[in-house]
Structures are given as structure tokens and as C-alpha cells.
Amino acid sequence: MIDVQSAPDTRAVPLQKVGVKGLSYPVTVLDKAHKTQPTTASIDLFVNLPQDYKGTHMSRFVEIFHQHHDSLGMKEFLAMLEEIRVSLHAQKAFGTMTFPFYIEKRAPVTGSAGMMSYECTYRGDVSEGARRFYVSVAVPVTTVCPCSKAISARGAHNQRGVVTVTVQNTGFFWIEDVIAAVENAASCGLYSVLKRPDEKWVTEHAYDNPRFVEDVVREVYLALRQFPAEKPFSYFSVACENAESIHHHNAYAFAEYGAEERQTV
């Protein structure tokens, strides 16, 4: 049959990215407690397209991803991108995979169990002789305002926030350890199941550990500098955004560590 995509194009316009976007697919990722975890991801896969090619072969993206979807650690994700790059005769391949990562979390006093969901993203790009891979995780937390606590005769306002950590993966680490570091840096982590004794503990624990967004970012930053011990992160960023409970705006802080080549993936 005629291969229209491979037909020549005379407009002399190279394309930086062509491919598939928003592909929903079942995947299997690594899990510290259970070794692996099934989940569902939204996937974007692209390659560059030289100016003399009319189009790319969209079905190949899905065919190759399907071969890897049941085992997607860092090495497997990059191998999948390299296979796409070679199959489509491209100089560079890009990919992102966003998925909910589930952890069973027990309430602090009663031990009641429930599932917590954290949004994670794999992001990578490969070219001949070069590979980069990033992991992002968004962790919901609660914070008590230090200023409110200091100036108020009774109570202090608190809010729910989201801490987003992005690391350039140069050595093995567990997503669960990053989540734990973030929750330890906040006034308190969140739970899906809380009985009255648990709610009392969470309320008092948060009150005893007030945090500005600046505090949270600095504490997470210091924690990430300590691991993984075998090969520390060469780059990471930390952002905290709180939905303020008494202000008509959000509070935000951001920090990053390490030098990286700036290039949008």
C-alpha cells in the first residue's frame, strides 16, 4: 500500500515534535511494598520530524509502548523511547507518562487503613548518545500558619497545599521515600481514613509544627540533598503551593538544586 507519511515534503519546515498525546493505557510501575503496582497512565510520545518527511507513523508509537507497558521503570522507559526513535528514524524521541501512584496509609492512632493517591510523572528524552529522565511527584499536605499561631490568642489558620518535587534520576530511588520526605517537612501529611482519635492527633501535630511555604520547600530541599545515598540527585526542584484559607490568593515557594541543560521536553 502507498506510504503517504514517508512521501517527501517541499515546504522546508522541520517539526520539533510529532506523535501521540493523551493516550490512556494500563501500566505497571515499581512499588516499594509490593514490588510492582498496576495503574493507568496518560501518555504523550513524540519524535522530531525532518523537513523532508511529510509525516510520522502514529501507530508505531502505540505498538512499541504496548510492548513495554507492563514494566516501566527508568531503564525500561528510556529503552522504550530509544526503540521509538530508531523505529521512526528520528534524531530524538520524547515521552511523558502521568499516573496516580497508590500507597496504603494507616491512620496515626487507630491504624485504620486507606489508600492515598499521588500524581506522578515520568519524563524523558533520548537522542544518539544522550539520555535524560525525570520523575515528578505531587504530594498533598496540610500546613498551619506560623504567623497566625504567633499572633492569635486562640487557634491558627491552616490550609491544604501541594508540594511538587521533580528529580533528575541518576540513581535508583523509591517514589515512596520522596513522598515521606515531603510529608515530614509539612505540618502534617494527609490521610484518607481518620477516626476521632486520629483527627485529634493530626490537628495537634499540625498545630505543633507550623510551616510557611518557605519552610516546607527548604525542609524538602535539605532532605533531598541526603538521598539516594548511593548516587545523590544531580538536579531537583521543589515547589509548594498552598490554597490559603483566609486570603484571596495562593501562597507559593520554589527552589532548585544542581545545573541542568535547559531544554523543554
Side-chain angles (χ1 to χ4, degrees), residues 32-33 98-121 135-167 173-228 233 235-258:
K32 189 175 184 179
T98 300
F99 56 94
F101 186 81
Y102 294 96
I103 298 177
E104 184 180 70
K105 191 173 181 181
R106 294 189 175 274
V109 178
T110 67
S112 300
M115 300 300 295
M116 285 290 296
S117 173
Y118 305 88
E119 184 177 273
C120 295
T121 299
V135 177
S136 297
V137 56
V139 183
V141 297
T142 187
T143 58
V144 170
C145 176
C147 179
S148 176
K149 178 180 177 179
I151 64 176
S152 301
R154 296 180 300 280
H157 81 82
N158 67 304
Q159 48 276 319
R160 190 161 69 176
V162 176
V163 180
T164 303
V165 171
T166 298
V167 302
F173 71 98
W174 292 106
I175 290 174
E176 293 91 332
D177 292 340
V178 173
I179 292 171
V182 171
E183 292 181 339
N184 289 336
S187 296
C188 194
L190 301 187
Y191 298 83
S192 58
V193 178
L194 290 173
K195 302 295 187 179
R196 280 175 293 177
D198 304 308
E199 188 168 347
K200 177 180 184 298
W201 185 93
V202 167
T203 301
E204 294 173 347
H205 181 79
Y207 187 79
D208 291 338
N209 294 277
R211 294 285 190 272
F212 291 126
V213 288
E214 297 93 330
D215 296 318
V216 175
V217 167
R218 285 171 171 148
E219 290 296 322
V220 175
Y221 182 103
L222 293 175
L224 292 178
R225 290 285 287 116
Q226 304 303 313
F227 74 89
F233 299 126
Y235 171 85
F236 63 78
S237 67
V238 185
C240 181
E241 182 170 355
N242 282 349
E244 291 289 285
S245 59
I246 65 171
H247 301 289
H248 191 47
H249 59 257
N250 289 355
Y252 181 82
F254 173 86
E256 61 183 345
Y257 167 82

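Atoms considered below: every heavy atom in the structure, side chains included; atoms not considered: hydrogens, waters and symmetry mates.
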Original post:
Between F101 and F99, how do the two ring planes meet: parallel, tilted or perpendicular, split at 30° and 60°?
Top reply: perpendicular
**OP:** Quick one: which residue pairs count as a salt bridge (Lys or Arg N to Asp or Glu O under 4.0 Å) with a foot in residues 191-202, not counting sequence neighbours?
**Re:** K200-E204
Original post:
Roughly how far apart are N250 CG and E244 CD, rounded to 0.5 Å?
Top reply: 7.5 Å
Original post:
Considering only heavy atoms from C-beta outward, does the side chain of V182 approach that of V141 to under 4.5 Å?
Top reply: yes
Original post:
Do the ring centers of Y257 and F236 come within less than 6.0 Å of each other?
Top reply: yes
Original post:
Which pair of heavy atoms, one from A181 and one from V220, lies closest together, and at what distance?
Top reply: O-CG2, 4.4 Å
Subject >> Taking every non-hydrogen atom, the tightest pair across A156 and V144 >> reply: CB-CG1, 3.8 Å
Subject >> Minimum side-chain heavy-atom gap P108-Y191 below 4.5 Å >> reply: yes
When the side chains of residues 207-218 are checked against the rest of the protein, which donor-acceptor pairs come out under 3.5 Å, sequence neighbours left out?
unit_1	atom_1	unit_2	atom_2	d
N209	ND2	H205	O	2.7
R211	NE	A185	O	3.1
D215	OD2	F212	N	2.8

Original post:
Can you find a side-chain donor-acceptor pair between T143 and S187 that sits under 3.5 Å?
Top reply: no
Original post:
Of the non-hydrogen atoms in F254 and A239, which two are nearest, and what is the gap between them?
Top reply: CD1-CB, 3.8 Å
Original post:
Looking at NZ of K32 and CD1 of I175, how far apart are the two atoms once the value is rounded to the nearest 0.5 Å?
Top reply: 12.0 Å
Subject >> S192 side chain to M116 backbone, donor-acceptor under 3.5 Å >> reply: no
Original post:
Do W201 and L194 come within less than 4.5 Å of each other through their side chains, counting heavy atoms only?
Top reply: no
Original post:
Taking all atoms of both residues into account, what is the closest heavy-atom pair of T166 and S136, and its distance?
Top reply: OG1-OG, 2.7 Å
**OP:** Might you point out which heavy atoms bring R106 and G111 nearest each other, and give the distance in Å?
**Re:** NH1-O, 2.8 Å
**OP:** With side chain to side chain contact (heavy atoms under 4.5 Å, CB included) as the test, would you mind laying out the steps for F233 and F227 before giving the verdict?
**Re:** CA-CA 7 Å; F233 299 126; F227 74 89; 4.3 Å; yes
**OP:** Not counting sequence neighbours, list each pair that qualifies as a side-chain hydrogen bond (donor to acceptor under 3.5 Å, both in side chains) and has a residue in residues 146-155.
**Re:** none
Original post:
Can you check side chain to side chain contact (heavy atoms under 4.5 Å, CB included) on V139 and V165, steps first, answer last?
Top reply: CA-CA 8 Å; V139 183; V165 171; 6.0 Å; no
**OP:** Taking T142 for its side chain and C188 for its backbone only, find out whether a donor-acceptor pair lies under 3.5 Å.
**Re:** no
